[in-house]
Every structure is written in C-alpha cells, then in structure tokens.
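The block underneath contains the structure these notes are about, expressed in structure tokens.
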Amino acid sequence: MRRILVLAAAVLLRAGLAHASTLDFDEKVYSPIVDEDDDGDTEVEFRQGSNLGGPGSGAAGGVVEFERALGRRLSLAFLGLWERDPHQSARLSELGVESVINLGTVPRLGVDVGTYLEYVQGVRGQG
C-alpha cells in the first residue's frame with residue numbers, strides 16, 4: 001500500500017510539471033529510497049524508443065544515464081539525451097544532471113518521502 005501511495009504521488013506531481021513532448025524517455029518515476037546496500041554503487045541505464053504511427057512516425061529518442069549512490073540518502077546522475085527525426089540522423093539534444101534525495105519516512109503514515117531535482121541543458125539549439 002505504501003509503495004502505491006508513493007508511486008501515485010510521484011506520478012501526479014510529475015504529470016503536473018511535465019512538458020509536452022513527442023518522446024520523453026528521460027521521464028522516469030523514482031523511488032525516494034536509496035538503499036544502504038547501494039552506497040557507492042554505480043549504475044548505467046539506457047532507454048530508447050520510437051514512434052510507430054501517426055504524425056511523428058519514425059521519430060526516435062533515448063537517454064543514457066550514469067548514476068551513483070553517494071550515501072544512504074542521496075544519488076546523483078549525469079545523463080545525455082538523443083533524438084532522431086524521421087529520415088534524419090541521430091543527434092545529441094540535451095545534457096543534464098539529476099539527484100534523488102531521501103527525506104525520510106512520515107511516521108504516522110509509514111510513507112517514504114523524497115525529492116527529485118533535475119537540470120537539463122539543450123545542446124546546439126536542441127532540447
């Protein structure tokens with residue numbers, strides 16, 4: 001139940017702040033928990049996809065993310081986003097940094113609370 005509440009709150013918050021875009025492979029719901037077993041672990045994530053119909057058919061994009069847990073309550077990641085319009089070559093469109101910070105647990109509810117910070121900068125007029 002607790003995970004469902006956290007997930008629902010994160011989805012609603014993110015939906016309210018999301019920008020309109022054809023492909024948003026950098027959009028991901030994060031857990032506010034940085035496991036103590038993950039302290040010092042480094043992860044590499046790669047997500048990609050493409051549109052298969054409609055006006056954006058053939059457009060593709062993705063993200064490469066390098067994430068590291070920096071203690072029990074903090075993770076930091078660097079990411080690069082790429083995109084490809086139909087009939088064009090792929091290009092790096094954005095570079096960014098993001099962080100997940102565990103703020104703790106709400107005692108009476110037993111809900112884990114965290115914050116997600118992200119800064120992304122377009123490259124060569126992209127993004």
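Heavy-atom basis, side chains included; hydrogens, waters and symmetry copies ignored. All of these numbers come straight from a predicted model, not from anything done at the bench.
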> Shortest non-hydrogen contact from P86 to A59?
Replying inline: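 Scanning both residues completely, I find the closest heavy atoms to be CG-N, 3.8 Å.
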
What distance do [X] atom [atom1] and [Y] atom [atom2] have between them, rounded to the nearest 0.5 Å?
X    : Y    : atom1 : atom2 : result
S75  : R68  : OG    : CZ    : 11.5 Å
F66  : E45  : CZ    : CD    : 11.0 Å
W82  : R84  : CH2   : CZ    : 6.5 Å
E83  : R91  : CD    : CZ    : 4.5 Å
E67  : E98  : CD    : CD    : 7.0 Å
L103 : T115 : CG    : OG1   : 6.0 Å

> Only one of L81, L79, V123 forms a side chain to side chain contact (heavy atoms under 4.5 Å, CB included) with L95, so which one is it?
Replying inline: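 It is V123, the one option of L81, L79, V123 that forms the side chain to side chain contact (heavy atoms under 4.5 Å, CB included) with L95.
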
>> Test of understanding: with side chain to side chain contact (heavy atoms under 4.5 Å, CB included), list the residues that count as partners of L76, not counting sequence neighbours.
In response: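 Here the qualifying residues are L70, F78, V97, S99.
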
